[in-house]
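Working notes, structure below.
What you see below is based on every heavy atom in this structure, not just the backbone, and it leaves out hydrogens, waters and symmetry mates. Numbering of residues begins at 1 and proceeds along the displayed sequence. Each ligand, and each atom within it, is numbered from 1 in the order the structure gives.
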Amino acid sequence: MRYVTTYERNPKLRRQAIAIHGVTCKACGFNFEKTYGEYARKFVHIHHIEPVSEFEGEKIVDPETDLVPLCANCHAVVHRRKNKALSIDELMAMLKEVS
Ligand SMILES: [Zn+2]
Ligand SMILES: [Zn+2]
């Protein structure tokens with residue numbers, strides 16, 4: 001997917017983020033392991049909270065605060081607009097409105 005940033009693709013950061021946060025979507029609570037079993041565990045998306053375009057040069061990414069697990073649906077919605085990613089709070093507010 002084009003919109004997924006390099007940080008989100010970094011396998012080491014991904015592994016660390018999953019170790020810290022697990023595989024439950026931070027926004028809607030979808031759990032890949034519970035729904036599909038071990039087979040899909042690693043299918044969770046890792047979202048980088050700060051848009052990469054705001055980065056000036058190098059920055060240390062802290063997987064605990066900068067990365068969150070999201071399901072594919074929520075992740076797509078967060079990046080719905082190319083120039084601005086939604087915050088997790090904004091996304092959760094949207095989810096509440098619908099349900
Ligand atoms: Zn989700
Ligand atoms: Zn993302």
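Every residue two or more places apart in sequence or in another chain was checked for a salt bridge (Lys or Arg N to Asp or Glu O under 4.0 Å) with Glu64, and none qualifies.
Between Leu91 and Val78, the closest heavy-atom pair is CD2-CG2, 3.5 Å. Leu86 and His47 get closest at one heavy-atom pair: O-NE2, 4.4 Å. Between Pro63 and Gln16 the shortest heavy-atom distance is CG-OE1, 3.5 Å.
Counting only heavy atoms from C-beta outward, the side chains of Phe30 and Thr35 approach each other to under 4.5 Å. The closest side-chain heavy-atom distance from His75 to Val77 is not below 4.5 Å.
Nearest to the Zn ion (ligand 2), among the N, O or S atoms that His47 has, is ND1. The atom of His79 that is an N, O or S and sits closest to the Zn ion (ligand 2) is NE2.
In this structure, the side chain of His45 does not engage the main chain of Pro69 through any donor-acceptor pair within 3.5 Å.
Distances from the Zn ion (ligand 2) show that His48 has no N/O/S atom below 2.8 Å.
Inside a sphere of radius 2.8 Å centred on the Zn ion (ligand 1), the protein N/O/S atoms present are Cys25 SG, Cys28 SG, Cys71 SG, Cys74 SG.
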